[in-house]
Protein chains: 2
Amino acid sequence: MNVSEIEIFRDFIKKKGLRYTPEREIILKEIFSIHDHFDVDELYLRLRNKGHRISKASIYRTLPLLIECGLVQEVYHEDGHMHYEHIYGHEPHAHFRCLSCRRVEEFQDPRLEEVAQEYAQKYGIDLKMTRFEILGYCANCRGKGGL
Amino acid sequence: MNVSEIEIFRDFIKKKGLRYTPEREIILKEIFSIHDHFDVDELYLRLRNKGHRISKASIYRTLPLLIECGLVQEVYHEDGHMHYEHIYGHEPHAHFRCLSCRRVEEFQDPRLEEVAQEYAQKYGIDLKMTRFEILGYCANCRGKGGL
DNA sequence: TTACTATTGAAAAAAAATTGCAATAAGGTC
DNA sequence: GACCTTATTGCAATTTTTTTTCAATAGTAA
């Protein structure tokens with residue numbers, strides 16, 4: 001599908017002196033076919049269901065590379081493990097998570113990036129990513145578990 | 001020291017029909033004596049060094065309560081485990097984390113709370129907490145590992 | 001094609017968090 | 001204060017997540 005992220009990843013891998021393997025590309029492609037957040041287990045099962053026998057170890061080894069080159073981001077830690085999303089080609093966005101139903105909504109606000117940019121500029125920071133989360137009880141759930 | 005968080009915690013525990021135990025209070029007090037981020041292991045060792053034989057299980061069981069009543073917050077997940085901080089009595093603040101030296105800096109910006117408040121209002125959300133993180137390479141580290 | 005060595009899958013290990021259980025103790029009632 | 005009910009505790013075992021080890025495989029440059 002989208003060629004760009006593949007090129008970015010390949011260039012990144014080459015530039016680091018690493019090897020561009022089929023496993024790495026398959027993982028990348030699968031991640032970019034998921035239009036939602038995912039965790040390692042989900043990704044592993046999706047690959048498996050498509051006939052790819054890629055180990056979880058390879059997924060765990062590939063994710064940091066994808067994160068380092070800015071294609072993927074850790075979104076939030078929930079239920080004892082990390083959840084990810086692909087971010088290349090998407091505007092930076094914030095997440096609301098309902099503490100009751102666990103629903104996750106995305107939204108954007110230019111002020112968030114502004115704050116980050118200004119802070120980075122002020123302190124000479126090489127900004128890599130931002131994460132903004134709002135936690136609370138959604139309209140449907142408030143009043144139930146929500147105090 | 002500060003009596004308020006103790007009262008808040010006790011009231012919260014009572015309101016839930018739970019029991020206010022010495023262990024819970026000791027954990028609370030210790031957390032509020034740490035003026036930095038901490039993880040479960042650090043907290044456990046601090047308690048142990050002071051002669052308290054409180055198990056990690058109790059810490060793991062107490063933290064969600066402290067979070068639920070708004071005294072403590074999960075700050076970030078790093079090195080495979082969660083890091084916490086006490087938030088009662090502090091202004092909401094954002095965190096910058098250097099991906100190289102791991103340094104963590106705090107800063108405030110009213111726009112962040114504004115965005116959260118507006119979003120909550122717009123969707124009828126009962127806002128519980130926000131988390132804003134900036135990840136990148138600090139002035140000292142940029143250029144080294146920082147692409 | 002050859003040589004070098006990074007990467008892989010599988011299994012083991014490590015680390016983090018949760019759970020089961022018997023003993024203890026909080027806190028309400030008499 | 002004694003008694004009763006049951007939540008909480010510490011410990012150990014377990015579960016879950018992530019990392020590491022290692023022999024076999026396979027990229028990639030020469």
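Below, read A as the first sequence line, B as the second, and so on, with proteins coming before strands; counting in each chain starts at 1.
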Original post:
Quantified as the angle between the terminal helix axes (five pairs each), what is the overall bend of the helix from C/dT1-D/dA30 to C/dC30-D/dG1 to 10 degrees?
Top reply: 40°
Subject >> Spacing of A/Arg19 atom CZ relative to D/dG27 atom P, expressed in whole Å >> reply: 9 Å
Subject >> Side chain proximity check, B/Cys138 to B/Phe96, heavy atoms < 4.5 angstrom >> reply: yes
Original post:
So, B/Ser58 side chain and B/Ile54 main chain: donor-acceptor pair closer than 3.5 Å or not?
Top reply: no
Produce the list of close N/O pairs, under 3.5 Å, pairing protein atoms with atoms of nucleotides 1-4 of chain D; give distances to one decimal.
none

**OP:** Heavy atoms of chain B, cut-off under 4.0 Å: which first and last nucleotide of DNA chain C, 5' to 3', fall inside that, if you could look?
**Re:** C/dA16 to C/dG27
Subject >> Residues A/Lys29 and A/Glu5 bridged, charged N to O under 4.0 Å >> reply: no
Original post:
Is the closest side-chain heavy-atom distance between A/Lys128 and B/Leu99 below 4.5 Å?
Top reply: yes
**OP:** Using a strict 4.0 Å threshold on nitrogen-to-oxygen distance, state whether A/Arg131 and A/Glu133 make a salt bridge.
**Re:** no
**OP:** Run the numbers on B/Glu106 and B/Arg97 for salt bridge (charged side-chain N to carboxylate O under 4.0 Å, His left out), then give the verdict.
**Re:** CA-CA 9 Å; B/Glu106 299 183 355; B/Arg97 282 200 284 142; over 6 Å; no
Original post:
What parts of residues 71-82 of chain A reach DNA chain D, counting only heavy atoms under 4.0 Å away?
Top reply: A/Gly80, A/His81, A/Met82
Original post:
Quick one: A/Ile26 CD1 to D/dA26 P, roughly how many Å, whole number?
Top reply: 13 Å
Original post:
Is the closest side-chain heavy-atom distance between B/Glu74 and B/His83 below 4.5 Å?
Top reply: no
Original post:
Aromatic rings B/His90 and B/His86: how do their planes relate, parallel, tilted or perpendicular, breaks at 30° and 60°?
Top reply: perpendicular
Subject >> Cluster overlap B/Ile13 with B/Ile31, hydrophobic side-chain contacts below 4.5 Å >> reply: yes
Subject >> Cation-pi, A/Tyr20 ring and A/Arg10 (6.0 angstrom, 45 degrees) >> reply: yes
**OP:** Indicate the ring-plane relationship of A/His77 and B/His77, choosing parallel, tilted or perpendicular according to the 30° and 60° boundaries.
**Re:** parallel
**OP:** For salt bridge (charged side-chain N to carboxylate O under 4.0 Å, His left out), just list the numbers for B/Lys50 and B/Glu30, CA-CA rounded to whole Å, side-chain angles, deciding distance to a tenth of an Å, and then say yes or no.
**Re:** CA-CA 10 Å; B/Lys50 292 191 179 173; B/Glu30 189 59 34; 2.9 Å; yes
**OP:** Fit a plane to each ring of B/Tyr119 and A/Phe107, take the angle between them on a 0 to 90° scale, and name the class: parallel (under 30°), tilted (30 to 60°) or perpendicular (over 60°).
**Re:** parallel
**OP:** Can you sort out which residues in residues 36-52 of chain A have a heavy atom within less than 4.0 Å of DNA chain C? Ascending by number, please.
**Re:** none
Subject >> Cationic N near anionic O, under 4.0 Å, B/Glu118 to A/Arg111 >> reply: yes
Subject >> Residues from residues 55-64 of chain A lying under 4.0 Å of DNA chain D - heavy atoms >> reply: A/Ala57, A/Tyr60, A/Arg61
**OP:** Report the distance from atom SG of B/Cys69 to atom CG of B/Leu28, rounding to the nearest 0.5 Å.
**Re:** 8.0 Å
Original post:
In Å and rounded to the nearest 0.5 Å, what is the CZ to OG distance from B/Arg46 to B/Ser33?
Top reply: 4.5 Å
**OP:** Would you kindly give the CZ-to-P distance between A/Arg24 and D/dA26, to the nearest whole Å?
**Re:** 15 Å
**OP:** Check the distance between D/dA29's C1' and A/Lys14's NZ and give it to me in whole angstrom.
**Re:** 10 Å
Subject >> Separation of atom OH in A/Tyr20 from atom P in D/dA26, rounded to whole Å >> reply: 18 Å
Original post:
Between B/Thr21 and B/Arg24, is any pair of side-chain heavy atoms under 4.5 Å apart?
Top reply: yes
**OP:** Quick one: sort the B/His93 and B/His95 rings into parallel, tilted or perpendicular, breaks at 30° and 60°.
**Re:** perpendicular
